[in-house]
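Here the structure is laid out as C-alpha cells; the discussion comes afterwards.
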Amino acid sequence: MDASALWQRYQDWLYYHEGLGLYLDVSRVRFDDSFCTSMKPKFDKAFKDMEALEGGAIMNPDENRMVGHYWLRDPEIAPTPEIKQEIVSTLEKIEAFAKKVHTSQVKPPGAPKFTDLLSIGIGGSALGPQFVAQALTPDSPPLKIHFIDNTDPDGIDRVLGELKDRLSSTLTLVISKSGGTPEPSNGMKEAKHAYETQGLDFSKHAIATTGVGSKLDQLAKSEGWIDTFPMADWVGGRTSELSAVGLLPAALQGIDVRAMLEGAKVMDGATRKPDWKTNPSALLALSWYYVGNGKGEKDMVVLPYKDSLQVFSRYLQQLVMESLGKEKDLDGNVVNQGIAVYGNKGSTDQHAYVQQLRDGVPNFFATFIEVLQDRLGPSPEVEPNVTAGDYLSGFLQGTRQALYENQRDSITITIPEVTPRHVGALIALYERAVSLYGFLVNINAYHQPGVEAGKKAAATVLNLQQDLLKVLKAERTALSLEALVNKAGASENVEQAYKILRHLAANDRGVVLQGNLAQPASLTISYRA
Ligand SMILES: O=P(O)(O)OC[C@H]1O[C@](O)(CO)[C@@H](O)[C@@H]1O
C-alpha cells in the first residue's frame, strides 16, 4: 500500500473517544473488508453474550459464577439490589478507611502514623495494584507501597529488609480472594514473624482483602486484625483491580479511585456498543482474531512508550493469558486456545528484542501504547528544537513503520496523559476486549483449571517431602536413594524425591547427600538433626 492509501486507511479506521482523548489505531493490521464482513455473525453473537454477562448470567459455568467486574464501576447495572449495595458500601468503606489512616485516626500502636504499606498477594491480587502503583503513585504518597508477590525467601528478605526500620509504622495488607493461596499465606506468615521479632503486634498492623468467610477472613477476624475488606465471588482475580483488591491500596497511596472508576465506566459505555467499527474493544478483538487466525497463532507484544506504564505489559499478560489460554471450548472440544503476551517498554526494548521483531520470525503483532504528554512542565532541549520526549515519540513511530514495512502488524493506543481516569479506561478497554474475544472463540474466559492442576501437583511434592523426612528421621544409617524412596512409598517419584532432597541439603535442613553428585542414583542420604 502506498503512503497516501495508508494515510487513508489510517483515517478510515481511526477510533477516537472524545471524552477520554483516547485514540485506537488498527490501520496497521492488514485485514480487509471481506474479513470484517465474515466476522459479523460472530460479533453479533458476542455482543449478545456480553449483554447476558453484564445482566448477571452464569458466564463462568465451571465455577457456577456470574462475571461482574463491569458492575464495579457502575453499580446501577448490577443485577440485584444486594450486589449494588455491596459495591457501594465497599467503596465507601475503602474511602473512609483510607481517610482514617491518612489522618492518623487509624494508627499503629507504637508510632504516630502509618508511613508504609506492605501489600502481600499474587497474580490478580498483585499485578493490578503493582501496575496502578507504578503508573499513578504521587511523588509524596501518604503511604509508600511495597510488594511481596512470591514465596521466594530471598525476595521476601529484600522487601522486609527495606522496611526493617519502619516496620513499626508499616500497615500490612494481605490480598487473597480465595484466602488459601500458599504464596500470600507464606508471605503473611513471614511478615508476621518479622513484626514479632521486633516485639510488634502483627494484628495491630494488618488488614485483609479476601472472600467473606475464607480462611484468611477467619484468621483476620479471630486474631483481631484492624479490618477486613470483602472480595466478591463474582469478581475474578485478574479482573479485580477495580474492586477492593486494587482500590484499597490505591486509596491508601492517595490515588483518586473515583477517577479510576469513572474512566472505566466511560470506557464501558463506549465498548458496550454492539458495533465493532465504533467499539474500541471490538476493534482490538477483531484485530487479535485476524492476526492469530482465531487460534492465537501470533503473540501479542505490548510496548508502552512510557516508564510509568511498564507493568501494564505484565498486567495484560495475566489478563489475556489466564483468560484465553484454555484447552477446551465451551462445547468440550480440545482447542488449545490463547494468545501469548509479552513486553516491557519502549524505547528500551528496541535495544533488546526489537531486532528479532523487525527481521526475525514473524510470530507476533505489536501493541504500542503512546502517551502524548511527555511530562508535567517544559522539557529542556537535548539538541536544537528536540527534547528527550521527541526522541521517544520518534522511536515509537519509527519502530511502527519499520515493522509495517516488513509485514509485521501493529495496533497503537494513544492517551493524552497517564491519569487515574486513563488507567481505569485502559483496564476497562482490555477487560472487554478479552471478554469479546473469549466469546468469539467460544471459551470460558473466567476460570483457570490449568493453574489449579499446578497447585495440586505442588501440594503432592510437599507431601512427598514430609514422607521422606519422616523416613530419614527414623533411620539411623544412611540410605541409598532407591531404598529411601521405597521406604517412603514413592518409588514412582524418584526424580521428584531426589530434587526435594537436593533442595533440603542446599538449605541446611539436616539432609546430607553423599556420593557422586553427577550421578544422583549413586547417592546415599542421611539425616543429621
Ligand atoms: O487471590 P487469590 O485467591 O490468592 O489468587 C491469586 C491468583 O491465583 C489464581 O487463582 C491462579 O493463578 C489467579 O487467578 C489469582 O489472581
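Every number for a ligand or one of its atoms is a count from 1 in the order of the listing.
Contact detail for V212 and P230: the closest heavy-atom pair is CG2-CB, 3.9 Å.
Closest protein heavy atom to atom 13 (C) of ligand 1: E322 OE1, 3.5 Å.
The salt bridge (Lys or Arg N to Asp or Glu O under 4.0 Å) pairs that include a residue from residues 289-301 number zero, where partners must be two or more places apart or lie in different chains.
Which parts of ligand 1 touch K455 is read off a 4.0 Å heavy-atom cut-off, strictly below it: atoms 10 (O). Interface of V451 with ligand 1, defined as ligand atoms under 4.0 Å from a residue heavy atom, comprises 11 (C), 12 (O). Ligand-side atoms of ligand 1 in range of I122: 6 (C), 7 (C), range being under 4.0 angstrom from any heavy atom. Within ligand 1, counting atoms from 1 as listed, the ones closer than 4.0 Å to a heavy atom of T181 are 2 (P), 3 (O), 4 (O), 5 (O).
The aromatic ring centres of F97 and F229 sit less than 6.0 Å apart.
Using cut-offs of 30° and 60° on the angle between ring planes, the pair F43 and W276 is tilted. Taking the six-membered ring where the residue is Trp, Y315 and F312 present parallel rings, their angle staying beneath 30° rather than reaching 60°.
The proximity of E183 to ligand 1, defined as any non-hydrogen pair under 4.0 Å, does not occur for either the backbone or the side chain.
Checking only distances, S176 does come within under 3.5 Å of ligand 1, N or O to N or O. Considering backbone and side-chain atoms together, G124 places an N or O closer than 3.5 Å to an N or O of ligand 1.
In this structure, the side chain of N493 does not engage the main chain of A497 through any donor-acceptor pair within 3.5 Å.
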